[in-house]
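One structure is given below, encoded as structure tokens.
Side chains are part of it too, since the values below use all heavy atoms of this structure and drop only hydrogens, waters and symmetry mates. Just so you know, ligand 1 is whichever comes first in the structure, and atom 1 is the first atom listed for that ligand.
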Amino acid sequence: MIIKNLSVKRGKHTILKNINLEIKKQDSIIGIFGPNGAGKTTLLSVLAGIINKYEGSIEGLNKENFSFLPDKPYIYKDLKLKNVLSYFDGEYSSFNVQKARRLLNDLGLDENMRIIDCSKGMLEQIHMIMSISREVDYYFFDEPLAAVDPLTRDRLMEIIEKEKKPGSIVLISTHLISDVEQLFTDVIMIKNGEIILYDSVEKLKKESGEGLETLFKERLR
Ligand SMILES: Nc1ncnc2c1ncn2[C@@H]1O[C@H](COP(=O)(O)OP(=O)(O)OP(=O)(O)O)[C@@H](O)[C@H]1O
């Protein structure tokens with residue numbers, strides 16, 4: 001995926017400023033960090049085609065080769081979980097229904113449960129399972145692990161690592177840096193709509209001798 005000179009404006013306000021990124025390292029899991037309002041959701045929404053008013057170009061993405069998990073629940077509340085499975089199965093040729101069933105079962109989520117009866121954390125798990133069960137080249141997850149308890153968070157992180165399509169690339173925006181930092185191979189930092197850093201975690205840690213959260217606070221001060 002190659003992003004060239006990407007800018008997003010709302011009236012006089014520029015939300016993303018001339019972003020250039022080449023994201024091509026297979027099997028990378030990239031954390032997108034930045035303060036509130038930095039532009040993380042806007043960037044992921046542009047990549048997912050939700051926002052289509054922008055300047056610049058994005059190469060390498062098409063309707064069928066990415067899976068997007070927005071920061072708010074979007075699954076229709078009146079459905080039972082089994083209907084959600086059927087819906088995804090019919091809607092996306094990339095959806096692996098056996099994988100989704102296995103993961104729901106592993107997490108103890110009953111297919112007969114109605115979405116409206118799910119807790120916030122359960123909803124987050126269901127959305128993640130639906131998203132990761134698509135066999136795609138790119139996964140875009142916007143703040144996916146905010147509502148789950150620490151044990152479930154660990155299990156979901158394991159699921160992201162193990163269950164994504166082999167060779168695929170995952171972009172995850174999050175504020176939970178220290179909780180999830182072992183998941184990331186690379187980091188993108190955004191400040192005021194600009195990319196101020198894109199590097200591998202290994203290199204950053206070696207250079208600074210710090211954890212990612214300390215680095216984040218230093219760079220974004
Ligand atoms: N529809 C809109 N109209 C005007 N401004 C917007 C709109 N959507 C987002 N913005 C502005 O764009 C900026 C970036 O917002 P965005 O949601 O991308 O940030 P974020 O990094 O995801 O923040 P957070 O960490 O709080 O979720 C903010 O200043 C926000 O006010």
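Hydrophobic clustering, with ILVMFWY side chains joined whenever heavy atoms are under 4.5 angstrom apart, groups Val84 together with Ile132. Under a hydrophobic clustering in which Ile, Leu, Val, Met, Phe, Trp and Tyr are joined whenever their side-chain heavy atoms come within less than 4.5 Å, directly or via other members, Leu16 and Leu61 fall into the same cluster.
At most 12 non-hydrogen atoms from other residues, nucleotides or ligands lie less than 6.0 angstrom from NZ of Lys217. At most 12 heavy atoms of other shown residues, nucleotides or ligands fall within 6.0 angstrom of atom NZ in Lys203. Atom CD of Glu202 sits in a sparse spot, with 12 or fewer heavy atoms from other residues, nucleotides or ligands closer than 6.0 Å.
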* Verdict with supporting geometry, Ile172 and Phe184, side chain to side chain contact (heavy atoms under 4.5 Å, CB included) -> CA-CA 9 Å; Ile172 306 180; Phe184 300 125; 4.0 Å; yes
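Near ligand 1, heavy-atom contacts under 4.0 Å come from Arg10, His13, Ile15, Pro35, Asn36, Gly37, Ala38, Gly39, Lys40, Thr41, Thr42, His175.
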